[in-house]
Amino acid sequence: MPLQGFPSLCDKNAAQIVSRDKNNPQYHKGINTQKAYVTHYRIDGVVMQTGNRCDYALLNEEKRTAYLIELKGSDLAAAAKQLEATEKFLHNQLSSYKVQYRIIANKCKTQEIDSSEYRKYKLRWRDRLVQKTGWLEENI
């Protein structure tokens, strides 16, 4: 468990782990079909108090996969910056994990998705980045 001193938001073998902010419709749901050992942390305001940071981290401790999750209104480039800054801040703790990025936006305009600033993140991260509008449910 890399984030020592911070409580996990889910049970050790939780079947479903939901990342959602109050008063916002978008969410990420991790489905733990294998009943693996998982941990879930609130990053924004708990693990990281200042600077650019994402909302949540969901870690599959057995597969050594970390999902950094940003729930965003619409600014995809800002969301990408927050994910990148969080990974840099937690680099030592996540060094043995395969880090995945998840952006769940409330709404996305075509010009946001196709902006040159956001495209550079998509090209750099390729398969590590999944961006959806509204919600994302995935097997972890």
Side-chain angles (χ1 to χ4, degrees):
M1 191 161 71
L3 301 179
Q4 295 291 338
F6 297 99
S8 176
L9 301 173
C10 70
D11 292 333
K12 181 178 177 179
N13 302 103
Q16 295 183 3
I17 305 93
V18 178
S19 302
R20 172 179 280 176
D21 288 336
K22 292 179 182 177
N23 303 321
N24 289 326
Q26 64 270 30
Y27 68 91
H28 176 274
K29 183 187 287 185
I31 301 168
N32 186 10
T33 57
Q34 303 294 313
K35 301 285 191 242
Y37 174 28
V38 293
T39 54
H40 187 218
Y41 301 96
R42 175 74 182 177
I43 301 298
D44 186 8
V46 178
V47 175
M48 293 175 66
Q49 299 291 329
T50 61
N52 280 336
R53 58 213 180 253
C54 69
D55 293 310
Y56 292 95
L58 172 57
L59 288 74
N60 184 319
E61 303 289 354
E62 292 175 18
K63 292 182 180 178
R64 307 304 285 174
T65 304
Y67 300 87
L68 298 182
I69 302 162
E70 176 58 28
L71 306 172
K72 200 69 172 169
S74 63
D75 191 344
L76 299 178
K81 288 176 188 174
Q82 289 173 268
L83 291 167
E84 189 171 63
T86 301
E87 183 179 17
K88 285 180 182 175
F89 182 84
L90 297 175
H91 176 74
N92 291 338
Q93 293 92 329
L94 299 179
S95 63
S96 65
Y97 289 76
K98 179 181 175 187
V99 178
Q100 301 290 308
Y101 296 124
R102 300 298 184 256
I103 299 173
I104 300 85
N106 190 21
K107 57 185 180 260
C108 289
K109 297 177 183 172
T110 303
Q111 56 266 42
E112 269 292 318
I113 296 169
D114 293 335
S115 74
S116 62
E117 188 176 7
Y118 182 61
R119 266 196 331 246
K120 74 177 181 181
Y121 290 107
K122 289 194 305 188
L123 287 170
R124 185 175 345 138
W125 296 338
R126 300 196 188 273
D127 295 338
R128 294 176 57 198
L129 173 65
V130 175
Q131 180 268 316
K132 295 280 286 195
T133 301
W135 52 270
L136 173 62
E137 294 183 8
E138 65 181 322
N139 291 325
I140 59 158

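The shortest heavy-atom contact between C54 and E70 is CA-OE1, 3.1 Å. Taking all atoms of both residues into account, the shortest heavy-atom contact from K35 to N13 is O-ND2, 2.9 Å. Nearest heavy atom pair, residue Q131 against residue T133, reads NE2-OG1, 3.8 Å. In terms of heavy atoms, S95 sits closest to N92 at OG-O, 3.3 Å. Counting all heavy atoms, side chain and backbone alike, R64 lies closest to S96 at NH2-OG, 2.7 Å. Minimum heavy-atom separation, Y97 to T65: CD2-N, 3.7 Å.
Linking ILVMFWY side-chain heavy atoms closer than 4.5 Å, directly or via other members, places I69 and L129 in two distinct hydrophobic clusters. Residues L71 and I140 share a single hydrophobic cluster, defined by chaining ILVMFWY side chains whose heavy atoms lie under 4.5 Å apart. M48 and L59 end up in the same hydrophobic cluster when Ile, Leu, Val, Met, Phe, Trp and Tyr side chains are linked at under 4.5 Å.
Judged by distance alone, the side chain of E62 and the main-chain N or O of Y37 form a donor-acceptor pair under 3.5 Å. Under a 3.5 Å cut-off, the side chain of R128 and the backbone N or O of K122 do not form any donor-acceptor pair.
No salt bridge links E138 with K132; every basic N to acidic carboxylate O contact stays at or beyond 4.0 Å.
Results of the ring-ring contact (aromatic ring centres under 6.0 Å, His included) test with Y101 over Y67, Y121, Y56, W125 single out W125 as the only residue that passes. Among L83, D75, L136, L68, the one residue that satisfies the side-chain contact (heavy atoms from CB on, under 4.5 Å) test with I103 is L83.
Ring pair Y27/W135 is parallel by interplanar angle, where below 30° counts as parallel and above 60° as perpendicular.
A heavy-atom distance below 4.5 Å is found between the side chains of I43 and L3. Contact check for Y41 versus V46: no side-chain heavy atoms found under the 4.5 Å cut-off. For the pair R102 and L58, the minimum side-chain heavy-atom distance is 4.5 Å or more. Two residues are said to be in side-chain contact when any heavy atoms from C-beta on lie closer than 4.5 Å; E137 and N139 fail this criterion. Contact check for N24 versus N106: no side-chain heavy atoms found under the 4.5 Å cut-off.
Screening residues 37-56 for salt bridge (Lys or Arg N to Asp or Glu O under 4.0 Å), with sequence neighbours left out, gives D21-R42, D44-R53.
Note: I104 CD1 to Q26 CD = 8.0 Å, rounded to the nearest 0.5 Å.
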Can you check side-chain contact (heavy atoms from CB on, under 4.5 Å) on L90 and K88, steps first, answer last?
CA-CA 6 Å; L90 297 175; K88 285 180 182 175; over 6 Å; no
Which is it for T86 and V47 under the side-chain contact (heavy atoms from CB on, under 4.5 Å) test, yes or no, and what are the steps along the way?
CA-CA 10 Å; T86 301; V47 175; over 6 Å; no
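Checking E61 against T39 by side-chain atom types alone, a donor-acceptor pair falls below 3.5 Å. Counting only N and O atoms by type, the side chains of Q82 and K72 include a donor and acceptor under 3.5 Å apart.
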